[in-house]
Amino acid sequence: MTTAAHIRRELDAVTIRFAGDSGDGMQLAGEQFTSATAVAGNDLATLPDFPAEIRAPAGSLPGVSAFQIQFASTDIFTPGDEADVLVCMNPAALKTNLNTVRRGGTIIVNSDAFTETNLKKAGYAVSPLDDESLKEYAIHKVPIETLTIEATKGLEIPSRTAKTCKNFFALGLMYHMYQRPMEETLAFIDAKFLAKTPLIAEANKRVLNAGWNFGDTAELGSGFVVPPARISPGTYRNIRGNDALALGIVAASVRSGLPVFLGAYPITPASDVLHVLSQYKHFGVRTFQAEDEIAGVCAAIGASFGGGLGVTISSGPGIALKTEALGLAHMTELPLLVCNVQRGGPSTGLPTKTEQADLFQAIFGRNGECPIPVIAAATPADAFESVYEAARIAIKYMTPVFFLSDGYIANGSEPWKIPDPDSLPPIDVNFVKTGETVQPYERDPVTLARRWVKPGTPGLEHRIGGLEKADKTGNISYDPDNHDKMTRIRAEKVARIAQEIPPTETAGDPDGDVVVVGWGSTYGSIEAAVRAARLRGVRAAHVHLRYLNPLPSDLESVLRRFRKVLVPEINLGQLSFILRGKYLIDARGFNQVRGQPFKVAALTQAIMNLSEET
Amino acid sequence: MSDHDLPGGHDEPLPKYTKDDFTTDQDVRWCPGCGDYAVLATVQKLMAELPVRREDHVFVSGIGCSSRFPYYMNTYGFHTIHGRATAVASGLKITNPNLHVWIVTGDGDGLSIGGNHLMHLLRRNFDVTVLLFNNRIYGLTKGQYSPTSELGKRTKSTPMGSIDYPLSPLAVALGSGASFVGRSYDVDGKHLSGLIRQAWEHKGTSFIEIYQNCNIFNDGAFTSVTEKASKDAAQLRLEHGKKMLFDGGRKGIAFQEGRPVVITLGVDGTEEDVATHDAFDADISRAFALANVQVPEYPTPMGLLRAVSRPTYESLLHAQIDEAQKKKKADLHALLHGGYTWKVEDH
Ligand SMILES: Cc1ncc(C[n+]2csc(CCOP(=O)(O)OP(=O)(O)O)c2C)c(N)n1
Ligand code: SF4
Ligand SMILES: [Mg+2]
């Protein structure tokens, strides 16, 4: 007899999805699978998808939490349009996640959870395991809870506790199915449980192994192999966007020699940046959990005034509260890093879902003529480099800078080739020194930045504030010509940041039918879709913008090399509106606001359709 | 990040300052007769006397007539936005604890739009001093009622009289955990200067309510308390360790069942019955009771109500940073390589 272990099919790419109740540990299972997959040398992309409620009633539809990962032997750009395998811990998870599985895909269900009560909670009159409704899928009913309790027999723990280990059973099973190494997870279990609750550590390890062994003996189809991807040499780690963001800020602090001051008020999905940075006190990072978002940004402005690197982070509603203070930072020309980890809006919107609808807010959302540079991260790992760049520009140009991330980048992860800190661009800080004679609003001729004077420096006492300034002296001025002049100078200073922007890169054809212009976390879906469209004969290219204000000086000429311009965004058409307004170019939007990344297939179709228009 | 290059707190000998050294070349834009002038003169004079280098002072304000104050002080200054001076000052003080940070705010700026930040500044206990100019009106916006305006007050926005119950700034401060709370008024330079000096000496957030006359929109709001003829009877001058006597020693405050009661000596009691002011009382109840009394039922308390000692926010934060730095090296390379890493070789 040939067992599954003997015949392994090689696959280029696989998408799997763990789904269960919020209390079932699906995020943990997904993160562990991600680490093991990174170790196996695959390229990967992840999509955690969890509910806004901390604990919706167990077994209910709103309580379902899922984690999707695509991994491949080639470059991968997205967490996958459709899952090849769905691991389903209860009926509610099946109900809410069935539409994420490809027709013909595999569904592994924890059959123990398909009780009458749970079925009722999920709104099933008849168990879907007993009727015909799943006939297009390969269904494997596995009594995961029973097998979990069995695996922990002999350990002195109550069966209720034992049952909580069931996510490790599912994980072990998937490890077997895709032949992932388990060492990392075994070490993780020890690190997390061994010291405090050695019995739980032992139980989890036994259950993980039981899951693996079950895969070995059960007929779950063949095992699969996804060979390592060809990845450029270097040292890698897997990184989430929020972690990359925090590290980028610390790197900017180290390279500039300025202490970080983070003023923030907790808000999903930005809070983790506060949590992570508060662990970096050994880098001199001062985190200040303010009473609200206004206090957070104002304290950061105070820190910058004092000669520190003022940083504030938040998400949509909190960013709205910061608006007035951003005007103050612009007017007083102090460096300030403002990070918006965007979520679904408006108002409280969809707190745990992703969206890109705050671009207008970042570019325009203030009273008066108040341009603020805007920089966006494209992927979780890119958050490191791009936030570092945002900080560099804030300091060099003495201006607040918006840094845009979003929920998908924040919680998603990917392998990151760790850069050598010394290779990061330098950040020069040039405080006015005692004895120098400068006026508070004298400017650098190239950048138009004013000089930075730390309070405490003798002989340079001066006052700044939100009232209009007289040119050079910075004294209050109500003079009409002066206001006109100063408004233009401040705008020109921000416009000159274009001189920092490298030439626009096009991925794909240098000219032709369709150029797809994106920004932010749509990077992966656009790249995959452009590649797919090119394979189908379209002359297309992908331009992904890191700098959204100002735009690159060469952008218009690059776009004009193509017949059509497509702008996919997870909003109702914000960048496309700006490109149309700025360049009088017929930029077409491809827009969805579903709280989810784009599906590559839909985007590819949009490119195909546009290429066929004359 | 080390703090070695933070300016401030120098050891060089202190220059001899005069009031003029703290005066800027900017035209003062307050209305003639405004109480703000008197406060400015008092503060400028006091600055020349304090053993602090001029460049180490920073005046941070919000928005309002009173908040123009920093423009007239020849120190570092930041005229921020309405209600937020407290928040800006917090970040500044954390970033450079060597600086002497002064917050200038108004009854609208500090207690209305900025009420939340004020409360949190006070409980955190940064070593800063808050000067709250209370004129019981919005001056800069030309005369609307404020959170300290009396009930029934007719203003532009309350033509039939205010129906908002006013708050006591001192009670708010005490309730927020302020470690130093006092009151003075614009035209008594000596008293005001003495109280501000005590506040500067206090380690922690000092809160001073300054009665300030707005002669344009709320003239005479405090006349009954401050005018020469009646002030002895209308003010309770609080001094630590002294009896709470007023009206030339004819009257005093006694505490009966925890409540303040006015007694006339020789009529309803003797000096024995009059309470002695303990400004450093660990129990807050008497201070809180005094924060809620005023003319005409009681004399209005003036001076230091209460001061207690508590670690400052910035000292606690920097102690944590020092501790973290002792335990762990700030190595960026190591930080970036944190967690599980793997090598991809050339192929
Ligand atoms: C966000 C915002 N809202 C409103 C105003 C208008 N405004 C300026 S000062 C002020 C009230 C000032 O009152 P107060 O703090 O008592 O200061 P005063 O002028 O009496 O010294 C108001 C409402 C503003 N500048 N900013
Ligand atoms: S309006 Fe009142 S508070 Fe303002 S400057 Fe004039 S007198 Fe002073
Ligand atoms: Mg006022």
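Numbers restart at 1 for each chain; the letters A, B, ... are given by sequence-line order, proteins then strands.
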Where on [X] is there a heavy atom nearer than 4.5 Å to chain A: the side chain, the backbone, both, or neither?
X: B:Lys326; result: neither
X: B:Met73; result: backbone
X: B:Thr80; result: both

Heavy-atom closest contact ([X] atom, [Y] atom, distance):
X: B:Glu55; Y: A:Pro458; result: OE2-CB, 3.4 Å
X: A:Val285; Y: B:Ile321; result: O-CD1, 4.1 Å
X: B:Leu336; Y: A:Pro421; result: CD1-CG, 4.2 Å
X: B:Trp342; Y: A:Ala38; result: CH2-CB, 3.1 Å
X: A:His282; Y: B:Lys328; result: CB-O, 3.5 Å
X: A:Ile418; Y: B:His337; result: CG2-CE1, 3.5 Å

Once you round to the nearest 0.5 Å, how far does [atom1] of [X] lie from [atom2] of [Y]?
X: A:Glu291; Y: B:Leu121; atom1: CD; atom2: CG; result: 8.5 Å
X: B:Arg84; Y: A:Ile301; atom1: CZ; atom2: CD1; result: 11.0 Å
X: A:Thr332; Y: B:Phe78; atom1: OG1; atom2: CZ; result: 4.5 Å
X: B:Leu317; Y: A:Thr287; atom1: CG; atom2: OG1; result: 7.0 Å
X: A:Arg255; Y: B:Leu332; atom1: CZ; atom2: CG; result: 8.5 Å
X: B:Gln26; Y: A:Asn475; atom1: CD; atom2: CG; result: 3.5 Å

Top of [options] for chain B proximity - count of heavy-atom pairs under 4.5 angstrom:
options: A:Gly308, A:Ala295, A:Pro228; result: A:Ala295
options: A:Gly302, A:Gly306, A:Gly307; result: A:Gly302
options: A:Pro455, A:Ala187, A:Gly465, A:Gly327; result: A:Pro455

Closer than 3.5 angstrom, by distance alone: can the side chain of B:Tyr76 be matched with the main-chain N or O of A:Thr457 as a donor-acceptor pair? yes

So, B:Arg53 side chain and A:Gly456 main chain: donor-acceptor pair closer than 3.5 Å or not? no

Heavy atoms from other residues, nucleotides or ligands near [atom1] of [X] exceed 12 (cutoff 6.0 Å):
X: A:Lys192; atom1: NZ; answer: no
X: A:Glu385; atom1: CD; answer: no
X: A:Lys433; atom1: NZ; answer: yes
X: A:Phe33; atom1: CZ; answer: yes

Part of [X] within contact of chain B (heavy atom distance under 4.5 Å):
X: A:Leu334; result: side chain
X: A:Ala251; result: both
X: A:Thr235; result: both
X: A:Leu460; result: both
X: A:Tyr236; result: both

Quick one: of [options], who has the most non-hydrogen atom pairs under 4.5 Å with chain A?
options: B:Thr86, B:Val101, B:Asn116, B:Asp322; result: B:Asn116
options: B:Lys343, B:His82, B:His120, B:His333; result: B:His120
options: B:Ile81, B:Thr341, B:Asn96, B:Ile94; result: B:Ile81

Does anything in residues 123-131 of chain B reach chain A? List residues with heavy atoms under 4.5 Å apart, or say none. B:Arg124, B:Phe126

Students often mix this up, so state it plainly: with edges at 30° and 60°, are the rings of B:Tyr313 and A:Phe288 parallel, tilted or perpendicular? perpendicular

Derivation and outcome, side-chain contact (heavy atoms from CB on, under 4.5 Å), residues B:Asn74 and A:Arg463: CA-CA 8 Å; B:Asn74 193 10; A:Arg463 277 65 51 194; 3.3 Å; yes

Go through the steps for B:Leu335 and A:Tyr280 under the test side-chain contact (heavy atoms from CB on, under 4.5 Å), then give the verdict. CA-CA 9 Å; B:Leu335 180 71; A:Tyr280 297 156; 3.5 Å; yes

Stepwise side-chain contact (heavy atoms from CB on, under 4.5 Å) test for B:His117 and A:Ile294: CA-CA 9 Å; B:His117 308 311; A:Ile294 301 175; 4.0 Å; yes

For the pair B:Thr95 and A:Lys454, evaluate side-chain contact (heavy atoms from CB on, under 4.5 Å) and give the outcome as yes or no after the intermediate values. CA-CA 11 Å; B:Thr95 299; A:Lys454 276 193 234 185; over 6 Å; no

